[in-house]
Amino acid sequence: MPETKTKKNEDFNEWYNEIVELADLCDKRYPIKGMNIWRPYGWKLMNNVDGLIRCEMGKTNHQEVYFPLLIPESFFKKEEEHIEGFGSEVYWITHAGTNELEERWLLRPTSETAMYPIFSLWIRSHSDLPLKIFQIVNTFRYETKQTRAFIRVREIHFFEAHTCHKDFDDAERQIEEDKAIADRFLRRLCLPYIFSKRPDWDKFAGAYYTISIDILMPSGRTLQIGSIHQYRENFSKSYEISYETEEGAHAYCHQTTYGMSERLLGAIIGVHGDNKGLVIPPEVAPIQVVIIPIIFKGKEQSVMEACNVLHDKLKDENIRSRVDAREITPGNKYYDWELKGVPLRVEIGPRDLEKNEIVIVRRDTSEKRPIPKKGAEKTIKGELDKIAVTLFNNADNLLNENIHRVLTVDEAKNKKGIIELPWCGKEGCALEVEDILEGNTLGEPIENVECGHTCPICNKPAKTWMRFARMY
RNA sequence: GGGCCUGUAGGGUAGCUUGGCAUCCUUGUGGCUUCGGGAGCCAUAGACUUGAGUUCAAAUCUCAGCAGGCCCA
């Protein structure tokens with residue numbers, strides 16, 4: 001059995017580096033740090049993920065827009081906290097041709113400051129609210145740390161939804177909707193997740209509060225794949241986004257944003273992959289079923305014909321399939337498609353056709369079995385659903401086995417994954433825990449869970465549980 | 001932010017200590033025989049990260065840049 005050179009459970013990071021290029025997702029040889037090339041297979045996968053987002057946005061009445069990549073410095077500077085948060089990691093454009101620009105432009109690190117001055121023009125009346133828009137674009141952040149494909153990059157493929165509401169409560173309802181979207185969407189990617197309310201000292205620059213969406217990588221480190229922000233009036237006051245109420249008064253909008261990035265791919269690779277390569281959740285797999293003809297001299301035609309017939313039937317069922325008719329041996333093809341994470345493989349050879357059967361092989365379990373040729377498309381559809389369930393359950397077990405709720409730092413020390421400790425509410429105590437555990441403060445659970453214990457650092461009564469983890 | 005390591009065909013490598021001819025595997029291309037877990041044979045193509053320095057001579061030594069990787073903060 002050929003496997004990746006580095007084993008996933010021995011050196012996860014190295015395994016990850018190996019697999020992103022082997023599986024043709026990206027090419028890291030572009031000579032700018034943190035800017036990788038999306039190869040066709042990886043880009044298709046990303047597009048399929050984006051497709052699911054668009055589908056969810058459609059269901060919840062968000063409209064897609066596109067704002068320019070460049071932001072004038074004057075727009076950016078209107079919100080102070082935001083600049084402080086992003087100032088050190090923006091790319092500036094200072095020249096055009098041979099001329100120095102009168103006003104500098106920046107590449108969007110995120111689009112608040114591009115959109116909000118325009119929102120103030122768009123929104124005049126309560127009837128213009130709520131405003132719910134989104135875009136899927138590239139954003140730029142000057143990372144100085146170690147970069148990693150899909151996880152820490154400088155050009156980020158990014159989904160961002162921005163909403164404006166008449167009051168705080170309506171914005172809160174938006175956040176409930178966002179949470180429901182995350183739940184449906186991540187289920188389709190077979191990715192179990194947790195919501196955490198980020199600590200005040202580490203929330204998004206300019207936010208009233210931030211909810212992070214994190215998944216657990218098999219290395220025991222968490223990966224933040226998305227965030228939901230409640231801005232309250234923080235931005236609308238700076239950007240003059242106000243409206244006239246039904247009573248004729250003027251009020252500032254309450255705003256939220258929702259962001260997810262290509263890190264979703266990082267999560268899919270890390271959570272589902274194995275030593276044979278990727279395992280892609282069926283919903284987003286560029287190829288869901290690959291059909292391998294087993295050719296013998298003199299029987300090529302009947303075998304190829306059977307492959308093409310199945311391919312057409314699968315197409316009728318809206319299943320993305322491909323017949324691999326390359327002039328290489330079947331074993332070669334098996335390895336290739338396993339590496340690329342195709343969820344289900346079909347083998348069709350002369351022996352099968354004599355028995356009116358075909359052979360299917362699951363990528364996740366390697367289970368191989370013959371099924372009747374007649375009605376195979378239905379069986380295959382059912383099998384893809386089963387694969388999705390297995391992928392989700394395995395990932396869910398991994399997550400649940402690695403969340404540890406404990407009362408003392410000593411108990412926490414030897415645990416891998418996500419630690420939940422009682423917390424008094426003081427930043428200093430959390431930072432001390434970070435030091436001891438060599439991790440970061442992830443945030444508190446968003447459900448109101450009673451914590452009738454004491455803070456392990458200062459022994460004062462705990463206000464809540466607080467999560468700690470090593471993060472990507 | 002600090003420290004350490006690395007860079008040789010598309011991919012993986014040998015050579016570097018002690019300066020002088022660049023090794024092997026794989027991939028690519030053309031052809032023939034094959035095909036139920038990486039088939040075989042023949043032909044053919046392809047590389048020393050960039051710049052400066054030392055030297056008769058640099059893949060090899062020195063410095064700097066760029067890029068990649070690891071560890072710490």
Side-chain angles (χ1 to χ4, degrees), chain A residues 1-6 10-37 39-41 87-89 142-155 202 219-221 274-277 290-304 306-307 323-340 342 344-355 357-363 365-371 373 431-441 468 470-472:
Chain A
M1 276 284 165
E3 296 196 334
T4 47
K5 251 183 276 172
T6 315
E10 285 167 8
D11 186 346
F12 176 81
N13 291 342
E14 189 52 41
W15 169 86
Y16 182 92
N17 285 332
E18 193 181 332
I19 213 119
V20 293
E21 291 202 279
L22 271 180
D24 280 344
L25 297 178
C26 68
D27 195 325
K28 294 197 290 187
R29 291 172 300 183
Y30 198 74
I32 300 179
K33 179 185 169 82
M35 296 198 184
N36 300 326
I37 295 154
R39 305 191 65 173
Y41 193 68
S88 64
E89 50 183 59
Y142 176 66
E143 286 289 349
T144 52
K145 290 179 184 176
Q146 178 74 53
T147 54
R148 189 184 299 280
F150 307 123
I151 290 181
R152 189 178 293 281
V153 289
R154 284 170 161 182
E155 179 173 0
D202 213 10
S219 58
R221 293 165 80 172
D274 61 24
N275 290 338
K276 289 195 278 184
V290 64
I291 304 167
I292 313 282
I294 310 295
I295 306 287
F296 279 91
K297 211 175 169 173
K299 297 179 180 167
E300 300 94 335
Q301 209 183 340
S302 59
V303 169
M304 280 313 298
C307 289
V323 179
D324 185 353
R326 287 177 296 171
E327 295 275 328
I328 52 177
T329 55
N332 229 315
K333 297 175 184 176
Y334 301 163
Y335 293 120
D336 204 23
W337 297 114
E338 282 167 358
L339 179 61
K340 292 207 165 77
V342 173
L344 199 72
R345 177 173 88 232
V346 174
E347 301 171 20
I348 302 180
R351 288 209 297 272
D352 306 310
L353 293 181
E354 281 165 24
K355 290 185 276 183
E357 287 178 351
I358 63 173
V359 173
I360 61 172
V361 186
R362 278 176 64 157
R363 173 62 181 86
T365 57
S366 301
E367 182 206 347
K368 181 171 185 166
R369 66 186 169 94
I371 60 167
K373 193 167 77 147
L431 295 182
E432 203 162 316
V433 175
E434 287 190 5
D435 274 349
I436 297 167
L437 298 181
E438 294 175 344
N440 291 95
T441 308
F468 298 89
R470 298 195 65 197
M471 296 159 73
Y472 275 103

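Below, chains carry the letters A, B, ... as their sequence lines are ordered, and counting in each starts from 1. These figures come from a predicted structure and were not determined experimentally.
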TODO: Would you indicate what A/E21 reaches in the nucleic acid, counting non-hydrogen atoms under 4.0 angstrom: base, sugar-phosphate, or nothing?
DONE: nothing
- [ ] State, yes or no, whether a side-chain contact exists between A/V290 and A/K340 at a heavy-atom distance under 4.5 Å.
- [x] no
Task: A/T329 side chain near B/rA39 phosphate (N/O to OP1/OP2, under 4.0 Å) - done: yes
Open item on the list: Please give the distance between the C1' atoms of B/rC66 and B/rU26 as a whole number of Å.
Closed with: 28 Å
Write out a two-atom table: protein N or O, nucleotide N or O from nucleotides 65-68 of chain B, distance below 3.5 Å.
from: B/rA67; atom 1: OP1; to: A/K33; atom 2: N; distance (Å): 3.4
from: B/rG68; atom 1: OP1; to: A/G34; atom 2: N; distance (Å): 3.4

Open item on the list: Tell me whether A/E338 is salt-bridged to A/R345, with the criterion being a basic N under 4.0 Å from an acidic carboxylate O.
Closed with: yes
Task: Separation of the C1' atoms in B/rA59 and B/rG7, to the nearest angstrom - done: 11 Å
Listing time: all N or O pairs from protein to nucleotides 44-47 of chain B that are below 3.5 Å?
none

Open item on the list: More than 12 heavy atoms of other residues, nucleotides or ligands under 6.0 Å from NZ of A/K299: yes or no?
Closed with: no
TODO: Ignoring hydrogens and angles, state whether a donor on the side chain of A/Y16 or A/D11 is under 3.5 Å from an acceptor on the partner side chain.
DONE: no
TODO: Examine the base of B/rG10 for any acceptor or donor lying under 3.5 Å from a partner atom in the side chain of A/R29, and report the outcome as yes or no.
DONE: no
- [ ] Flag yes if more than 12 heavy atoms outside A/F12 fall under 6.0 Å of its CZ atom; otherwise flag no.
- [x] yes
TODO: Please measure how far the C1' atom in B/rU49 lies from the corresponding atom in B/rG68, and state the result in whole Å.
DONE: 11 Å
Task: Interatomic distance, A/N17 CG vs B/rG69 P [rounded to whole Å] - done: 5 Å
Task: Atom-pair distance (CD on A/E347; C1' on B/rG36), nearest Å - done: 7 Å
Open item on the list: Any base atoms under 4.0 Å from A/R326, or only sugar-phosphate, or nothing? Heavy atoms, all strands.
Closed with: nothing
Open item on the list: Taking B/rC61 as the reference, what is the distance to B/rC5 when you measure between their P atoms (whole Å, please)?
Closed with: 14 Å
Open item on the list: Measuring only the C1' atom in each nucleotide, how far is B/rG1 from B/rG28? A whole number of Å is fine.
Closed with: 45 Å
Open item on the list: Tell me whether A/K276 is salt-bridged to A/D274, with the criterion being a basic N under 4.0 Å from an acidic carboxylate O.
Closed with: no
Open item on the list: Under 4.0 Å, heavy atoms only, any strand: does A/N13 hit a base, just the sugar-phosphate, or nothing?
Closed with: sugar-phosphate
- [ ] Take atom CG of A/D27 and atom C1' of B/rG10, then tell me their distance rounded to the nearest Å.
- [x] 10 Å
Task: Integer angstrom distance from the C1' of B/rG11 to that of B/rU27 - done: 7 Å
Open item on the list: Quick test of your reading of the model: are A/R39 and A/E21 salt-bridged, counting only N-O distances below 4.0 Å?
Closed with: no
Open item on the list: Using whole Å, what does the distance between atom P of nucleotide B/rG36 and atom CD1 of A/I292 come to?
Closed with: 12 Å
Task: Per-nucleotide protein contact string for nucleotides 3-9 of chain B (B base, S sugar-phosphate only, - none; heavy atom under 4.0 Å) - done: -------
TODO: Measure the shortest side-chain to side-chain distance between A/W337 and A/I292 over non-hydrogen atoms and say whether it is less than 4.5 angstrom.
DONE: yes
TODO: Using distance alone, with no hydrogens and no angle criterion, decide if A/E18 and A/T4 have a side-chain donor and acceptor under 3.5 Å apart.
DONE: no
Task: Whole angstrom value for the distance that separates P of B/rU33 from CD1 of A/I328 - done: 19 Å
Task: Rounded interatomic separation in angstrom, taking CD1 from A/I291 and P from B/rG36 - done: 19 Å
- [ ] Tell whether A/E18 reaches the base of B/rG11 with its side chain through a donor-acceptor pair below 3.5 angstrom.
- [x] no
TODO: Please work out if A/P293 contacts a base, only the sugar-phosphate, or nothing of the nucleic acid, heavy-atom cut-off 4.0 Å.
DONE: nothing
Open item on the list: Please report the distance, rounded to the nearest Å, between CD in A/E438 and C1' in B/rC71.
Closed with: 12 Å
Open item on the list: Can you work out whether A/D11 or A/P330 has the more 5'-proximal nearest nucleotide on RNA chain B?
Closed with: A/P330
Task: Student check: side-chain heavy atoms of A/R148 and A/N13 closer than 4.5 Å - done: yes
Task: Basic-acidic side-chain contact under 4.0 Å: A/E143, A/R154 - done: no
Open item on the list: Just verifying a value: how many Å separate A/L353 CG and A/I358 CD1, rounded to the nearest 0.5 Å?
Closed with: 9.5 Å
- [ ] Name the residue closer to the 5' end of RNA chain B, choosing between A/I295 and A/A149 according to the nucleotide with the nearest heavy atom.
- [x] A/I295
- [ ] Could you give the distance separating B/rA43 and B/rA52 at their C1' atoms, to the nearest angstrom?
- [x] 44 Å
Open item on the list: So that I can tick it off, tell me whether A/K373 and A/D352 are bridged by a salt bridge, with the cut-off set at under 4.0 angstrom between side-chain N and carboxylate O.
Closed with: no
TODO: Using the C1' atom as the reference point in each nucleotide, state the distance between B/rC35 and B/rG40 in Å, no decimals.
DONE: 12 Å
Open item on the list: Without decimals, in angstroms, what is the distance between A/K333 NZ and B/rC35 P?
Closed with: 13 Å
